[in-house]
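Start at 1 with the first residue, then count along the sequence.
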Amino acid sequence: MGSLFRGEPMCLAQLFLQSGSAYECLSEVGERGLAEFRDLNPNVSVFQRKFVNEVKKCEEMERILGYLVQEIKKADIPLPEGDVAPPAPLLKHILEIQEQLQKLETELREVTKNKEKLRKNLLELTEYTCMLEVTQRFVRRTYESHLHANYEEFPSVENEPLVDYNCMHRLGAKLGFISGLVHIAKVEAFEKMLWRVCKGYTILTYAELDECLEDPDTGETTKWFVFLVSYWGEQIGQKVKKICDCYHCHVYPYPNNMEERKAVVEGLNVRIQDLHTVLHKTEDYLRQVLCKASESIYTWVIQVKKMKAIYHVLNLCSFDVTNKCLIAEVWCPVADLQNLRHALEEGSRKSGATISSFMNTIPTTQPPPTLIRTNKFTSGFQNIVDAYGVGNYGEVNPALYTIITFPFLFAVMFGDFGHGLLMFIFALLTILYENHPRLQRSQDEIMKMLFEGRYVILLMGLFSVYTGLIYNDCFSKSLNIFGSGWNVSAMFEQKDLKSNKFLTLDPNVTGVYNGAYPFGIDPIWNLASNRLSFLNSFKMKMSVIFGVTHMTFGVVLGVFNHLHFKKKYNIYLVFLPELLFMMCIFGYLVFMIFFKWLAYSAEDSTSAPSILIQFINMFLFPGGETEVFYTGQVALQRFLLSIAFLSVPVMLFGKPLYLYWLHSGGRGIRMYRSGYKLIRKESEEELSLLRCHDVEEGSSHSDSGHREGDGEEVMFLLNL
């Protein structure tokens, strides 16, 4: 509880690591999560540090692992994940892992490349086969039309079709054919271009394929058209070929006669069958390689990340004069110093070093980082507080109180019994099954956020159930559990209820008002026409009460910081003016709310003054007689307002003037104090005052050797 209230006590430690055992020692420290390392080489570029080559090797292995994971997911192979993260590999095993990854990548890329070539060849052969089938129908239609024609322009050439090359050579004509496939979206433009460029000296015949084929450029399945272009002359043929290239048509050779067509089709069928067999075996082998890689991919990914983190931290260390020892400075909790020593000893033992690494604590004036230990219950609330800012070292941690205040204030806003119960049940289920692997390793961003904040949602739902009962609101409907305290029949008869749409209940009539509802708001208000006016007034006053209480509690917590840092002047110049200002204005507003609730009942509520008007009159000082709650109200309000106005200049100028007086105005007093020296250095304000004083007195040179550079601090987290 002490850690959650104010954070862990921290100290600055210096680690002396032998060069041969530094890697293993930092691995042990990182596995236990004991320290935050400081950068001792702030002026050295990242690319000029000692272990930059090792970091590059880790990045190369990360690239290979990313490629392997991508291929495994593409093959729909499940990625096994262990329950425990493996430790960082030893130095002697790093080269072995690197060689395995490089060998696996080379083999996988080669197999994948061969597979893509086979698939591309298979696609081309399939397109060629489909093209021949469709163009065969073109030739058959031409031949049949020739047989049924009554007029022949040329003499008979046995049974050969008109489009046969032999027939055309007999007639002395140079007829050529170009066939292939064109994308469905380019057919119309392709036809127009042929007509315009060739000026009608071509005959274009096309038809849509019955099946969809894969587009080699995009990999998507799409519709294709088979075309057959008949042209006269070599010059027009060259133009047709260029147009086909322009529209990215898949052009294939066109057989000269029926025998050649039949031979080509038979050869294509044999090659397609062989390609299917080879491609199937290649895919099986590729899947075997990926399945074997998937067994170790989880371990490799974690190990490479930890290796990279270790070398990154080694770059933060500095070498001694002999270059045989690395020196590191770390922030460590005082309670974990013994564990840090054990970690260094264990790392030295694993590396087989003859001289063990050791550590010692060093004094410092630098403010330590803030460390607040959390568990699965408090981590969600701590994350909410850290989203607004992390407190300085030694300050009170508000997350302890946020455990109650945050869900309760949410429930004050939410306030629905039914919806709150659903939230509570959802959070309870996630807590009961929190050890399920699918919940712990979910990659969905929303689900991950809900799972990490399951205890926050649990309390939010629980408090929403409570405030929903207070508001008497369940799925926007009221519940009549205890029976209403208002009685309509005591004031109206049955005929009045039927003849009047709105009825006004007078609590002064006997039997109409029987007392307050036992718990929450009376359900009869759900039927009232002034329901919103009543509920808005009630919720607004309640919000003011909770808001002022919450802000006052936050101001009071500041006293613990002032006392802890021994800044008593902040109590008089900051805390008291803030508290007086808040209590004299907003605290008095809360007092008027409670006073009106206690002093007036339902019988005399119509004669009660308005709190809003009273609060406005407190600042405007209206003349004449005004309604008041009690005798002497005006005098008390003026007194409170005077105190609030007097607190403003104290809040604005009190602390700055006091610090200025310490810096310059109190110099005359210090002249009569021999041997005066400022000892406390907890705050930045006092440190700045001390430095200015040293410069003026010419003593800055004596302390400069004891001041340390700030340095970049990097968290060393290897417990992934």
Whether over 12 other heavy atoms sit under 6.0 Å from [X] [atom1]:
{"X": "His564", "atom1": "NE2", "value": "yes"}
{"X": "Leu432", "atom1": "CG", "value": "yes"}
{"X": "Phe319", "atom1": "CZ", "value": "yes"}

Cation-pi geometry met for [X] and [Y] (6.0 Å, 45°):
{"X": "Lys655", "Y": "Tyr569", "result": "no"}
{"X": "Arg454", "Y": "Phe377", "result": "no"}
{"X": "Lys448", "Y": "Phe451", "result": "no"}

Exercise. Before giving the answer on side-chain contact (heavy atoms from CB on, under 4.5 Å), spell out for Leu316 and Leu40 the whole-Å C-alpha distance, their side-chain angles and the decisive distance to 0.1 Å.
Key: CA-CA 6 Å; Leu316 304 180; Leu40 301 184; over 6 Å; no

Measure from the side-chain N and O atoms of [X] to the backbone N and O of [Y], and report whether any donor-acceptor pair falls under 3.5 Å.
{"X": "Asp320", "Y": "Cys325", "answer": "yes"}
{"X": "Asn392", "Y": "Glu395", "answer": "no"}
{"X": "Asn315", "Y": "Phe51", "answer": "yes"}
{"X": "Tyr433", "Y": "Leu439", "answer": "no"}

Quiz prompt | Under the salt bridge (Lys or Arg N to Asp or Glu O under 4.0 Å) test, residues paired with Glu107 that sit two or more places apart | solution = none

Looking at [X] and [Y], what are the two nearest heavy atoms and their distance?
{"X": "Met359", "Y": "Ala13", "result": "CE-CB, 3.7 Å"}
{"X": "Pro89", "Y": "Gln303", "result": "CD-CB, 3.6 Å"}
{"X": "Pro368", "Y": "Met10", "result": "CB-CB, 3.8 Å"}
{"X": "Leu421", "Y": "Val465", "result": "N-CG2, 3.6 Å"}
{"X": "Thr467", "Y": "Ser464", "result": "OG1-O, 3.2 Å"}
{"X": "Ile355", "Y": "Gln18", "result": "O-CG, 3.4 Å"}

Should [X] and [Y] count as an ion pair when the cut-off is N to O under 4.0 Å?
{"X": "Lys113", "Y": "Glu116", "answer": "no"}
{"X": "Glu71", "Y": "Arg287", "answer": "no"}
{"X": "Asp444", "Y": "Arg438", "answer": "no"}
{"X": "Glu54", "Y": "Lys308", "answer": "no"}
{"X": "Glu99", "Y": "Lys103", "answer": "no"}

Whether the [X] and [Y] side chains hold a donor-acceptor pair (N or O, under 3.5 Å, no angle test) is what I'd like checked.
{"X": "Asn375", "Y": "Thr378", "result": "yes"}
{"X": "Asn114", "Y": "Glu110", "result": "no"}
{"X": "Glu452", "Y": "Asn383", "result": "no"}

Between [X] and [Y], ring centroids under 6.0 Å:
{"X": "Phe408", "Y": "Phe546", "result": "yes"}
{"X": "Tyr311", "Y": "Tyr23", "result": "yes"}
{"X": "Phe553", "Y": "Tyr401", "result": "yes"}

About how many Å separate [atom2] of [Y] and [atom1] of [X], when rounded to the nearest 0.5 Å?
{"X": "Lys57", "Y": "Leu101", "atom1": "NZ", "atom2": "CG", "value": "13.5 Å"}
{"X": "Trp331", "Y": "Thr370", "atom1": "CH2", "atom2": "OG1", "value": "11.0 Å"}
{"X": "Thr430", "Y": "His436", "atom1": "OG1", "atom2": "NE2", "value": "13.0 Å"}
{"X": "Leu123", "Y": "Leu275", "atom1": "CG", "atom2": "CG", "value": "11.0 Å"}
{"X": "Leu459", "Y": "Thr402", "atom1": "CG", "atom2": "OG1", "value": "12.0 Å"}

Exercise. Would you please name every residue forming a side-chain hydrogen bond (donor to acceptor under 3.5 Å, both in side chains) with Lys376, sequence neighbours left out?
Key: Glu434

Self-check item: salt bridge (Lys or Arg N to Asp or Glu O under 4.0 Å) contacts in which one or both residues fall within residues 341-360, not counting sequence neighbours
Solution: Glu28-Lys350, Glu346-Arg349

